[in-house]
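Inspection log for the structure reproduced underneath, given as structure tokens.
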2 protein chains.
Amino acid sequence: MKPGSKNGNISDVLIKKNIKPSYQRIKVFEYLLGTDSHPTVEQIYSDLVNEIPTLSKATIYNTLNLFEGAQLARVITIEENETRYDACIEEHGHFKCENCGKIYDFPVNLDNLVSGNGILENFKVNEKNIYFKGICSKCLNNKSNKQEGKNGTGK
Amino acid sequence: MKPGSKNGNISDVLIKKNIKPSYQRIKVFEYLLGTDSHPTVEQIYSDLVNEIPTLSKATIYNTLNLFEGAQLARVITIEENETRYDACIEEHGHFKCENCGKIYDFPVNLDNLVSGNGILENFKVNEKNIYFKGICSKCLNNKSNKQEGKNGTGK
DNA sequence: TATATATTTATAAAGATTATAATTTTGTAA
DNA sequence: TTACAAAATTATAATCTTTATAAATATATA
Ligand SMILES: [Mn+2]
Ligand SMILES: [Mn+2]
Ligand SMILES: [Zn+2]
Ligand SMILES: [Zn+2]
């Protein structure tokens with residue numbers, strides 16, 4: 001790796017997908033890769049605007065749509081009007097805690113569901129999504145104690 | 001059943017959930033029970049407004065939120081900004097065809113996923129959702145023929 | 001019937017995403 | 001380097017979905 005190209009690997013991933021590695025795109029991708037919080041557009045924007053004061057929210061939308069199309073990121077729609085993004089495109093499930101709002105990953109294998117299934121047998125499956133809702137163990141332990149603040153959505 | 005109360009059974013279901021069976025609520029519930037199309041708010045409204053000319057879209061939203069809370073209907077969020085509803089609350093999966101937009105049901109049992117799963121073992125799971133995307137068999141057969149119109153979303 | 005309560009309606013407000021056009025950046029060739 | 005063209009970013013307007021609010025209507029009770 002050449003000196004001064006610390007983001008060489010990230011750039012290369014974008015280039016391989018025919019996406020020009022602009023400063024903003026690298027930063028967004030880097031941000032997604034560095035978190036497991038499944039952030040919303042708002043969260044990505046408000047964090048990155050500190051580093052990039054001229055950043056526009058439209059760029060976040062453009063970039064995420066670009067990544068989605070190139071399958072560099074995955075859209076997570078657990079709640080309506082709260083689109084989240086995940087740079088981990090390996091098959092896995094999501095669990096959203098209805099108390100603290102945190103979204104957890106969990107391992108899952110859905111291949112057997114498709115093969116043994118009557119109707120899906122003749123369908124072409126391009127994308128598989130699974131998510132659960134409930135209360136996470138941390139919140140279960142705090143249940144008799146003080147109420148956790150909010151549910152993470154601000155609603 | 002008393003004569004003139006053709007919707008007695010539907011009313012009773014609502015009453016059992018402590019929901020007063022108003023004319024509008026009965027019509028919305030009846031509509032949901034009578035379709036397997038997983039309709040959007042817009043579709044429910046535009047169909048029912050023919051029967052109920054004074055109907056307001058706010059009533060549809062109010063009613064569906066009420067049904068959701070009472071677990072008489074299930075929210076399906078496959079695409080962002082396209083919330084759909086399903087009166088079938090039995091556990092099942094959904095498949096959305098990316099070509100014709102139709103949403104199919106498919107049987108699925110997710111209990112084994114929870115029990116064998118490390119992280120979920122200590123969580124309280126209240127709701128399970130699974131949906132796939134791809135191309136349905138009907139569209140696969142038409143693929144070399146004329147292109148099917150739209151993807152059903154109007155986008 | 002009179003009155004209180006609940007529901008529906010119409011409309012405004014809020015929030016998220018997309019569309020548009022101007023500005024800025026990047027790449028290329030003279 | 002400079003000039004030009006293409007692409008990306010930005011700011012902002014427009015659109016769309018959902019929620020909030022208050023007035024009007026319907027329902028239940030005394
Ligand atoms: Mn994830
Ligand atoms: Mn269904
Ligand atoms: Zn929690
Ligand atoms: Zn199809």
Side-chain angles (χ1 to χ4, degrees), chain A residues 5 7 11 14-15 17-29 31 38-46 48-70 72-73 75-85 101 150-155, chain B residues 5 7 11 14-15 17-29 31 38-46 48-70 72-73 75-85 151-155:
Chain A
S5 70
N7 293 319
S11 284
L14 297 179
I15 290 168
K17 294 283 189 174
N18 291 313
I19 296 173
K20 288 195 186 176
S22 72
Y23 180 65
Q24 289 87 342
R25 288 168 179 172
I26 289 173
K27 284 297 178 186
V28 171
F29 195 36
Y31 180 91
H38 309 91
T40 61
V41 168
E42 183 59 39
Q43 289 168 331
I44 299 169
Y45 172 76
S46 60
L48 287 182
V49 78
N50 294 320
E51 265 189 282
I52 315 168
T54 61
L55 187 64
S56 166
K57 204 173 283 186
T59 299
I60 305 293
Y61 279 103
N62 291 340
T63 302
L64 291 172
N65 286 337
L66 200 63
F67 288 177
E68 186 194 354
L72 290 173
V75 179
I76 302 175
T77 47
I78 294 183
E79 310 285 352
E80 55 266 57
N81 292 333
E82 190 191 70
T83 310
R84 293 169 174 272
Y85 290 86
K150 319 301 166 285
N151 67 352
T153 66
K155 279 187 187 173
Chain B
S5 70
N7 293 319
S11 283
L14 297 179
I15 290 169
K17 294 282 188 174
N18 291 311
I19 295 173
K20 288 195 185 175
S22 72
Y23 179 66
Q24 288 85 346
R25 287 169 180 172
I26 290 173
K27 284 298 179 186
V28 171
F29 195 36
Y31 180 90
H38 308 92
T40 62
V41 168
E42 183 59 38
Q43 289 167 331
I44 299 169
Y45 172 76
S46 60
L48 287 182
V49 79
N50 295 319
E51 267 190 281
I52 316 169
T54 60
L55 187 63
S56 166
K57 205 175 282 187
T59 298
I60 305 295
Y61 278 103
N62 291 340
T63 301
L64 291 172
N65 286 338
L66 200 63
F67 288 176
E68 185 194 354
L72 289 174
V75 179
I76 302 174
T77 48
I78 294 182
E79 310 284 352
E80 56 266 56
N81 292 334
E82 190 190 70
T83 308
R84 292 168 174 271
Y85 289 87
N151 66 353
T153 67
K155 279 185 185 173

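Reckoned from all heavy atoms, side chains included, excluding hydrogens, waters and symmetry mates. Naming convention: chains lettered A, B, ... in sequence-line order (proteins, then strands); numbering from 1 in each chain.
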Exercise. Name the nucleic acid region contacted by B:Ser22, choosing base, sugar-phosphate or nothing; use a 4.0 angstrom heavy-atom cut-off, strictly under.
Key: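 B:Ser22: backbone/sugar contact only, no base atoms under 4.0 Å.
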Quiz item: At under 4.0 Å between heavy atoms, what does A:Glu42 touch on the DNA or RNA strands: base, sugar-phosphate, or nothing?
Solution: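 Result for A:Glu42 = nothing.
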Pairs under 3.5 angstrom only: tabulate donor-acceptor contacts from the side chains of residues 61-70 of chain A to other protein residues two or more places apart or in another chain.
unit_1  : atom_1 : unit_2  : atom_2 : d
A:Asn62 : ND2    : A:Ala58 : O      : 3.3
A:Thr63 : OG1    : A:Thr59 : O      : 2.7
A:Asn65 : ND2    : A:Tyr61 : O      : 3.3

Practice problem: Walk me through it: do A:Glu82 and A:Thr40 pass the test side chain to side chain contact (heavy atoms under 4.5 Å, CB included)? | Solution: CA-CA 7 Å; A:Glu82 190 191 70; A:Thr40 61; 4.0 Å; yes
May I have the distance from [X] (atom [atom1]) to [N] (atom [atom2]), rounded to whole angstrom?
{"X": "B:Glu79", "N": "D:dC16", "atom1": "CD", "atom2": "C1'", "value": "15 Å"}
{"X": "B:Asn65", "N": "D:dT18", "atom1": "CG", "atom2": "P", "value": "9 Å"}
{"X": "A:Leu64", "N": "C:dT17", "atom1": "CG", "atom2": "P", "value": "10 Å"}
{"X": "A:Lys57", "N": "D:dA8", "atom1": "NZ", "atom2": "C1'", "value": "20 Å"}
{"X": "A:Ile60", "N": "C:dT17", "atom1": "CD1", "atom2": "C1'", "value": "14 Å"}
{"X": "B:Arg84", "N": "D:dT18", "atom1": "CZ", "atom2": "P", "value": "11 Å"}
{"X": "A:Ile26", "N": "D:dT9", "atom1": "CD1", "atom2": "P", "value": "10 Å"}
{"X": "B:Ile19", "N": "C:dT5", "atom1": "CD1", "atom2": "P", "value": "22 Å"}

Quiz prompt | B:Tyr45: partners by side-chain hydrogen bond (donor to acceptor under 3.5 Å, both in side chains), with sequence neighbours left out | solution = none
Self-check item: side-chain hydrogen bond (donor to acceptor under 3.5 Å, both in side chains) against A:Lys57, all qualifying residues, sequence neighbours excluded
Solution: A:Glu42
For [N], does either OP1 or OP2 sit under 4.0 Å from a side-chain N or O belonging to [X]?
{"X": "A:Thr83", "N": "C:dT17", "answer": "yes"}
{"X": "B:Ser56", "N": "C:dT8", "answer": "no"}
{"X": "A:Gln24", "N": "C:dT25", "answer": "no"}

Self-check item: With sequence neighbours excluded, residues passing salt bridge (charged side-chain N to carboxylate O under 4.0 Å, His left out) with A:Lys20
Solution: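 Applying salt bridge (charged side-chain N to carboxylate O under 4.0 Å, His left out) to A:Lys20 gives none.
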Between [options], which nucleotide gets closest to the side-chain atoms of [X]?
{"X": "B:Tyr61", "options": "D:dT17, C:dT9, D:dT9", "answer": "D:dT17"}
{"X": "B:Arg25", "options": "C:dT18, C:dT7, D:dT9", "answer": "C:dT7"}
{"X": "A:Asn81", "options": "C:dA16, D:dT10, C:dT17", "answer": "C:dA16"}

Practice problem: At under 4.0 Å between heavy atoms, which parts of nucleotides 20-30 of chain D does protein reach? Answer with one letter per nucleotide, 5' to 3': B base, S sugar-phosphate only, - none. | Solution: -----------
Exercise. Please list, chain by chain and in numerical order, all residues satisfying side-chain contact (heavy atoms from CB on, under 4.5 Å) with B:Ser22, sequence neighbours excluded.
Key: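 B:Gln24, B:Arg25.
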Self-check item: Shortest non-hydrogen separation from A:Val28 to A:Ile60 and the atoms involved
Solution: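 So the minimum-distance heavy-atom pair works out to CG2-CD1, 3.9 Å.
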